[in-house]
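Here is the structure we will look at, set down as structure tokens.
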Amino acid sequence: MSLHALTIHELRRKLHTGEVSARQVTQSVLDRIAAVDSKVKGYLWLNAADALAQADAIDRSGAARNGKALAGVPVAIKDVINVAGQPCTCASKILQGYVSPYDAFVTKRLREAGAVLLGRTNMDEFAMGSSTENSSWGTTRNPWDLERIPGGSSGGSAAVVAADEAIAALGSDTGGSIRQPASLCGCVGLKPTYGLVSRFGLVAFASSLDQIGPFTKDVTDAAILLNVIAGHDAQDSTSVPRAVPDYTAVLGKDIKGLRIGLPKEYFIPGMDREVEACVRAAVAALAKRGAEIVEVSLPHTEYAVAVYYLIATAEASANLARFDGVRYGLRVRGEDVIDTYGKTRGQGFGPEVKRRIMLGTYALSAGYYDAYYVRAQKVRTLIRRDFEAAFKKCDVIATPTSPEVAFKAGEKSGDPLKMYLSDIFTISCNLAGNCGISVPCGFVRGLPVGLQILGDAFAEEKVLQVARAYEQVTNWYKERPRI
Ligand code: GLN
């Protein structure tokens, strides 16, 4: 098998014994990118010479032989996470030409672990979207069917991992942007608990919801990457100071007696029946492994999309105020400073970002603040309490990640509300601040389906344990698109 098709743990064995070098692995991935990325369009930026130079430095340092967790492993990074010396555009014209002067916390951790930082992956502009169609630089394609979208907003990261154009990738998840594209592309995507992974150096979309997490080819790799990126960081005031366990230690542990909750609100009319069948079959497979299946209720689920689109847009309207033509990226000169702000933002932001800024500004404005923003925060608390009650009855919750498989490019881009509904099963987890993973659980009409396993705050070990147990009885995660 070619090196680019291997997982982190498979490569690690070869790298640690010196059977292969970081340069060979990196070259193999670069060759793969050269062969398929003109079709997938997952990368926005790549510097092959720089990637090889990083690999050579790792080879020279002997990092692999010294057992560094990611020594010589090429990793792709979503264009919203800062990597010093690389562009960071958030797929927006307003940041065209902007080069990061510093590393995000997670980037620093990756470097210290010996990863090769390959390049920047495509996304919806400022992570707003579910298809990558909101990118200012063109849409990424789903490697399983190039006429379809890879999901979003971290669609580029999901697509390059699924197409073996990176061994793993990082993305960000504010309302589902890791799990939904992982589901649609047939890879593993993990959203950590809010506060587990530092947001320092992640360009903010909705600060109370954003988390960085891994895209990988299997659950073991997700645990390996989480080990590297999790942990307290004083530069992020919401980073939680608590000891981080070795997330690989739980893999392979028996799930006998573990209770898996099925929320009745997540199996709804209107969802794809075949997707539902895949998820139910996955739950049955877990029951066969000895898990106990219990029904739970998350009664405020129906308000989640509305609450999310008030809170996320409110926070976005404040966060995006910094893009004013003075401090970063694009500047369109006007007659005076106000005119310059207006022209820069008018030309720099795409239509979805403008829509969100307007919605958020409205929700925060005097007279509407209590009716919309404050009320949304109250319902958010109710959603969080739903999970608290549910997790008294079960250890993890199983649901579909997305109500449908990948849709065709253009199918929903004219209807924002339809697009917003793509996240119906992923959003509540962010509102509650919990963790969740999506793992491949079958195919419908040749397209991947994802099983979502949700855990309580800081219950990543349970989520990974159940996800790995599922992998042990199925081979869906080993399927690769033929492109
Ligand atoms: N699709 C959702 C949105 O458009 C979630 C995006 C995300 O998680 N970054 O806001």
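All values derive from a computational prediction rather than experimental measurement. First listed ligand is number 1; within each ligand, the first listed atom is number 1.
- The residues Arg199 and Asp233 are annotated as not salt-bridged, no charged nitrogen and carboxylate oxygen being separated by less than 4.0 angstrom.
- Under 4.0 Å from ligand 1, the heavy atoms of Asp423 that appear belong solely to its side chain.
- Arg322 CZ: more than 12 foreign heavy atoms inside a 6.0 Å radius.
- Relative to atom 4 (O) of ligand 1, the option among Arg356, Glu352, Met419 with the closest non-hydrogen atom is Arg356.
- For Lys343, the NZ atom is densely surrounded, since the number of other residues' heavy atoms within 6.0 Å is greater than 12.
- Considering backbone and side-chain N/O of Tyr308, one or more are found under 3.5 Å from N/O of ligand 1.
- When each atom of ligand 1 is checked for a heavy atom of Gly175 under 4.0 Å away, the hits are 5 (C), 7 (C), 8 (O).
- Considering backbone and side-chain atoms together, Met128 places no N or O closer than 3.5 Å to any N or O of ligand 1.
- Side chains of Thr107 and Asn82: a donor-acceptor N/O pair is absent below 3.5 angstrom, by distance only.
- Only the side chain of Phe205 comes within 4.0 Å of ligand 1, judged by heavy-atom distances.
- Within the 4.0 Å heavy-atom criterion, neither part of Arg179 lies near ligand 1.
- Both tests do not hold together for Arg356 against Phe205: distance to the six-membered ring centre under 6.0 Å, angle to the ring axis within 45°.
- Near Tyr309, meaning under 4.0 Å from one of its heavy atoms, ligand 1 places the atoms 2 (C), 3 (C), 4 (O), 10 (O).
- By the 4.0 Å heavy-atom criterion, Tyr420 is excluded from the residues contacting ligand 1.
- Remark: aromatic rings of Phe323 and Tyr98 are distant, center separation not under 6.0 Å.
- For the ring-ring contact (aromatic ring centres under 6.0 Å, His included) condition, the pairs that include at least one residue of residues 174-203, sequence neighbours left out, are Tyr102-Phe200.
- Looking at Ser172 next to ligand 1, no N or O pair under 3.5 Å apart turns up.
- A salt bridge is absent between Asp103 and Lys108; no separation between the charged side-chain nitrogens and carboxylate oxygens falls under 4.0 Å.
- Close contacts of ligand 1 with Gly129, meaning ligand atoms under 4.0 Å from a residue heavy atom, involve 1 (N), 2 (C), 3 (C), 4 (O), 6 (C).
- Residue Ala127 places at least one N or O, backbone or side chain, under 3.5 Å from an N or O of ligand 1.
- A salt bridge is defined here as a Lys NZ or Arg NE, NH1 or NH2 lying under 4.0 Å from an Asp or Glu carboxylate O, and Arg445 with Glu274 meets this definition.
- When the heavy-atom distances from atom 6 (C) of ligand 1 to Ser422, Ser177, Ala316 are ranked, the shortest goes to Ser177.
- Below 4.0 Å from some heavy atom of Ser153 lie the following atoms of ligand 1, by number and element: 9 (N).
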